[in-house]
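To start, the structure under review is shown below, and the notes come after it.
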Protein chains: 2
Amino acid sequence: MNKENKKSDSLIALFETKKSLTITLLRARESLMMSFRPLLAKHSFTEQQWRVLRVLGEKGPCDAGKLATEACILSPSLSRIINTLIENNFIIKKEDKLDKRKIILEISDEGKSKLESIKPEYMAILKSIQKRYGEDKINKILKLLTEIIDWRSR
Amino acid sequence: MNKENKKSDSLIALFETKKSLTITLLRARESLMMSFRPLLAKHSFTEQQWRVLRVLGEKGPCDAGKLATEACILSPSLSRIINTLIENNFIIKKEDKLDKRKIILEISDEGKSKLESIKPEYMAILKSIQKRYGEDKINKILKLLTEIIDWRSR
DNA sequence: TTAATAAAATTAACATATGAATAAGGAAAA
DNA sequence: TTTTCCTTATTCATATGTTAATTTTATTAA
């Protein structure tokens, strides 16, 4: 590319994959997940099952719709993940008596203890990441990304 | 949670999904992809097919290994995606005469014109996002995330 | 040179992502 | 009240994510 294009370079550059925000988000997430995958594999959890269990452990009983949003999983996927987690006795499915369309999901005692047993190892990895990049930098990223997430709900 | 826990709050809070960097990255990406999905659907491309085509259009002929890294796709997935793109005449597969284990992938003329035809619409969406959040903020995010990505290859 | 080893791509098997369609219950308008 | 429309969850079909195993070709060690 020669000098005549200088004016429009900043626009043309936007199409480059190296400067693509969506691709960069994907790569950054992958870099981080690399540290957690061995732990999840050791306990036979997929990323998604782990997210569902954490959300239920944190928020308490919850309908499938909210759970899907919180865990960042689409409902068709969640339906199957729920079945797996129920088979493994980590969560319980109840009916909503006020609205029979809904189902109420809740973490079981077995799910709770599983969560607690993994938590220390998980936190250790988290702290090593925090140490690696610096707490300030991570908080800065979290703040900036939250702005993106919250934009549509203004 | 009461005041006695104040000291350890910053550590305990780390386990909250709201402060999870990996989940936040996922949600932020989803917020952005929402703007692009209609365009990709209109042209019958999946996100991954689109990434592969863009990378090949940008880097020129490339072996499957490099392509997988650049497009952020695992090689088993890439194998299938490549077959689809070849069937649709968007890319071409050649052999590497120096190393017969490798394959060389290249965008076709049809692929190039498809890319060019979508590019204006894509750029328009990109600019609206840039306007929405501000160029500075986006560049700041890109820089911070790139640090995370580049950490392992120090 | 031969045997062992490593690398590149593919295949296999199972889980999730995505969009469309379906089923069933609830809410609103006629 | 009944028809219509909306919401919630599920199912279906196709594509991709993930790990392990396999195939083919290079490379290295013996």
Side-chain angles (χ1 to χ4, degrees), chain A residues 22-23 25-27 29-30 33-53 62-88 90-91 93-105, chain B residues 22-23 25-27 29-30 33-53 62-88 90-91 93-105:
Chain A
T22 50
I23 293 181
L25 285 165
L26 198 59
R27 289 179 179 152
R29 183 168 191 279
E30 182 52 33
M33 284 311 301
M34 281 178 62
S35 303
F36 292 106
R37 270 192 239 288
L39 175 60
L40 296 183
K42 177 182 165 192
H43 293 278
S44 299
F45 277 113
T46 65
E47 290 181 35
Q48 294 81 354
Q49 292 165 358
W50 174 242
R51 285 209 301 280
V52 168
L53 204 63
C62 185
D63 64 88
K66 273 182 199 160
L67 181 54
T69 305
E70 294 290 328
C72 215
I73 294 172
L74 295 180
S75 20
S77 298
L78 187 60
S79 284
R80 287 169 306 212
I81 294 168
I82 285 172
N83 288 334
T84 308
L85 289 174
I86 290 177
E87 283 171 19
N88 295 339
F90 291 135
I91 67 174
K93 189 192 228 171
K94 296 177 179 175
E95 64 170 1
D96 187 330
K97 312 213 170 177
L98 293 176
D99 186 341
K100 288 183 179 174
R101 291 171 304 181
K102 292 186 181 177
I103 58 167
I104 303 294
L105 297 159
Chain B
T22 51
I23 293 182
L25 285 164
L26 197 59
R27 289 179 179 153
R29 183 167 192 278
E30 180 53 32
M33 284 311 302
M34 280 179 63
S35 304
F36 292 107
R37 269 192 239 289
L39 175 61
L40 297 182
K42 177 182 164 190
H43 293 278
S44 299
F45 277 112
T46 65
E47 289 180 35
Q48 294 81 355
Q49 292 165 359
W50 174 242
R51 286 209 301 278
V52 168
L53 204 63
C62 184
D63 65 88
K66 275 182 198 161
L67 181 54
T69 305
E70 294 289 328
C72 213
I73 293 172
L74 295 180
S75 23
S77 297
L78 187 61
S79 285
R80 289 170 303 205
I81 294 169
I82 285 171
N83 287 334
T84 307
L85 289 174
I86 289 177
E87 284 170 20
N88 295 338
F90 291 134
I91 68 173
K93 190 191 228 172
K94 296 178 178 173
E95 63 169 2
D96 186 330
K97 313 212 167 177
L98 294 176
D99 187 341
K100 289 182 179 176
R101 292 171 302 180
K102 292 187 182 178
I103 60 168
I104 303 295
L105 297 160

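Chain A is the first sequence line, chain B the second, and so forth, proteins listed ahead of strands; every chain is numbered from 1. Worth knowing before you read on, the calculation uses all heavy atoms, side chains too, and leaves out hydrogens, waters and symmetry mates. Computed from a predicted structure; not experimentally measured.
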Q) Would you say D/dT10 has OP1 or OP2 under 4.0 Å from some side-chain N or O of A/Lys93? A) yes
Output the rounded distance in Å from [atom1] ([X]) to [atom2] ([N]).
X: A/Leu67; N: D/dT8; atom1: CG; atom2: P; result: 14 Å
X: B/Ile82; N: C/dA8; atom1: CD1; atom2: P; result: 15 Å
X: B/Lys102; N: D/dT23; atom1: NZ; atom2: C1'; result: 18 Å
X: B/Asn83; N: C/dT10; atom1: CG; atom2: C1'; result: 9 Å
X: A/Trp50; N: C/dT16; atom1: CH2; atom2: P; result: 15 Å
X: B/Ile86; N: C/dT10; atom1: CD1; atom2: C1'; result: 13 Å
X: A/Met33; N: C/dA15; atom1: CE; atom2: C1'; result: 14 Å
X: A/Leu40; N: C/dA15; atom1: CG; atom2: C1'; result: 14 Å

Check side-chain hydrogen bond (donor to acceptor under 3.5 Å, both in side chains) between [X] and all other residues, then give those that pass, not counting sequence neighbours.
X: B/Lys93; value: none
X: B/Asp96; value: none
X: B/Lys42; value: B/Glu121
X: A/Arg51; value: none

Q | Pairwise side-chain contact, B/Arg37 with B/Glu30, heavy-atom cut-off 4.5 Å (strictly under) | A | yes
Q: State the CG-CG distance between B/Asp63 and B/Leu105, to the nearest 0.5 angstrom.
A: 8.0 Å
(Q) One thing to verify: whether B/Arg101 and B/Glu95 come together as a salt bridge, which I'm taking to mean a side-chain N less than 4.0 angstrom from a carboxylate O. (A) no
Q: Please check if the side chain of A/Ser44 supplies one atom and the backbone of A/Leu40 the other of a donor-acceptor pair under 3.5 Å.
A: no
Q | Contact letters for nucleotides 13-21 of chain D, in which S counts primed atoms plus P, OP1 and OP2 and B counts the base, heavy atoms under 4.0 Å | A | B-SBBBBB-
Between the protein and nucleotides 21-27 of chain C, are there any N/O to N/O pairs under 3.5 Å, and if so, what are the atom names and distances?
{"unit_1": "C/dG25", "atom_1": "N2", "unit_2": "A/Arg101", "atom_2": "NH1", "d": "2.9"}
{"unit_1": "C/dG26", "atom_1": "OP1", "unit_2": "A/Lys100", "atom_2": "N", "d": "3.2"}

Q: Would you please indicate if the ring centroids of A/Phe45 and A/Phe90 are separated by under 6.0 Å?
A: yes
